[in-house]
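Source: prediction; values computed, not measured.
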Amino acid sequence: MKKKLITALTFFALSFAAPSNAASYLDDSIKNFGVGADNMYLTSLSVLNSLNYEILEMQSASGYILFRTGAKDYIMTVTAISPVTSTIKILPANSVFSTGSTVQKTIFDALEANKLNILKKQG
């Protein structure tokens, strides 16, 4: 009886911990930029290439890029919010959200650095 109760409590605790981790992962996977979607899409391709990530598939009309880092595939989407603002979302292609978002942070940092170059060229 005691073993069943501990197993049930463990399962109950894990079932509530998973959505929290997924929500945190999702928060770390989305970022807004003060640059138009077309420029951010091209900059994203450039950044992925400079980071030596393997680009598997891309489609500019829908604004997505499928890429691989090591053994894990990701989907990056670039969405226009306004003519001068866009959102980038980077999620695992298999929808398995693990803890940590090192890939997203690395890409967002590189995009942020390149954003300054885009704004200088536009201004």
Side-chain angles (χ1 to χ4, degrees):
M1 170 79 170
K2 194 175 191 179
K3 185 176 180 180
K4 287 183 181 180
L5 180 61
I6 291 172
T7 303
L9 289 174
T10 303
F11 176 75
F12 184 73
L14 289 175
S15 65
F16 282 103
S20 174
N21 288 341
S24 175
Y25 190 91
L26 190 59
D27 288 342
D28 294 340
S29 300
I30 300 171
K31 185 165 181 159
N32 294 333
F33 289 90
V35 176
D38 290 341
N39 285 332
M40 281 311 295
Y41 180 81
L42 295 173
T43 303
S44 297
L45 284 171
S46 175
V47 163
L48 292 174
N49 190 43
S50 71
L51 293 171
N52 294 321
Y53 295 156
E54 181 183 359
I55 298 172
L56 303 173
E57 186 177 329
M58 57 188 172
Q59 189 173 77
S60 60
S62 62
Y64 83 85
I65 304 166
L66 179 64
F67 66 97
R68 178 173 294 146
T69 65
K72 196 165 186 180
D73 295 349
Y74 291 87
I75 296 176
M76 174 189 283
T77 56
V78 181
T79 308
I81 297 174
S82 75
V84 294
T85 309
S86 58
T87 297
I88 294 184
K89 186 185 316 180
I90 305 169
L91 297 172
N94 63 0
S95 297
V96 174
F97 301 101
S98 59
T99 58
S101 52
T102 306
V103 170
Q104 288 87 340
K105 182 173 177 9
T106 301
I107 293 170
F108 287 147
D109 288 347
L111 287 171
E112 198 64 46
N114 280 287
K115 180 183 88 167
L116 298 175
N117 294 333
I118 295 169
L119 293 174
K120 285 179 188 175
K121 289 177 185 176
Q122 289 178 348

Name all residues meeting the salt bridge (Lys or Arg N to Asp or Glu O under 4.0 Å) criterion together with E54; count only those two or more places apart in sequence or in a different chain, and write none if there are none. R68

With rounding to the nearest 0.5 angstrom, report the CD to CG distance, Q104 to D27. 11.5 Å

Main-chain N/O of M40 paired with T43 side-chain donor or acceptor, under 3.5 Å: no

Side chain to side chain contact (heavy atoms under 4.5 Å, CB included) between K72 and Y74: does it pass, once the steps are laid out? CA-CA 7 Å; K72 196 165 186 180; Y74 291 87; 3.4 Å; yes

Residue pairs, two or more places apart or on separate chains, that pass ring-ring contact (aromatic ring centres under 6.0 Å, His included) and touch residues 33-54: Y53-F67

Hydrophobic cluster membership, with links at side-chain heavy-atom distances under 4.5 Å among I/L/V/M/F/W/Y: are I30 and V103 in one? yes

Measuring only between side-chain heavy atoms, which start at C-beta, is S44 closer than 4.5 Å to I65? yes

In this structure, CD1 of I75 is separated from CG of L56 (nearest 0.5 Å) by 10.0 Å

Linked, directly or transitively: L45 and L66 (ILVMFWY side chains, under 4.5 Å): no

Is there a continuous path of hydrophobic side-chain contacts, each under 4.5 Å between heavy atoms, that joins L51 to F108? yes

Among residues at least two apart in sequence or on other chains, which ones pass side chain to side chain donor-acceptor pair (under 3.5 Å) with T77? none

Considering only residues two or more places apart or on different chains, which pairs with a residue in residues 29-53 satisfy salt bridge (Lys or Arg N to Asp or Glu O under 4.0 Å)? K31-E112

Considering non-hydrogen atoms only, spot the tightest contact between I107 and V47 and give its length. O-CG1, 4.2 Å

Partner set under salt bridge (Lys or Arg N to Asp or Glu O under 4.0 Å) for K105, not counting sequence neighbours: D109

For a quick test of your reading: what N or O donor-acceptor pairs under 3.5 Å do the side chains of residues 80-92 make, sequence neighbours left out?
from: S82; atom 1: OG; to: V84; atom 2: N; distance (Å): 3.3
from: S82; atom 1: OG; to: T85; atom 2: N; distance (Å): 3.3
from: S82; atom 1: OG; to: T85; atom 2: OG1; distance (Å): 3.2
from: S86; atom 1: OG; to: V35; atom 2: O; distance (Å): 2.8
from: T87; atom 1: OG1; to: N32; atom 2: OD1; distance (Å): 2.6

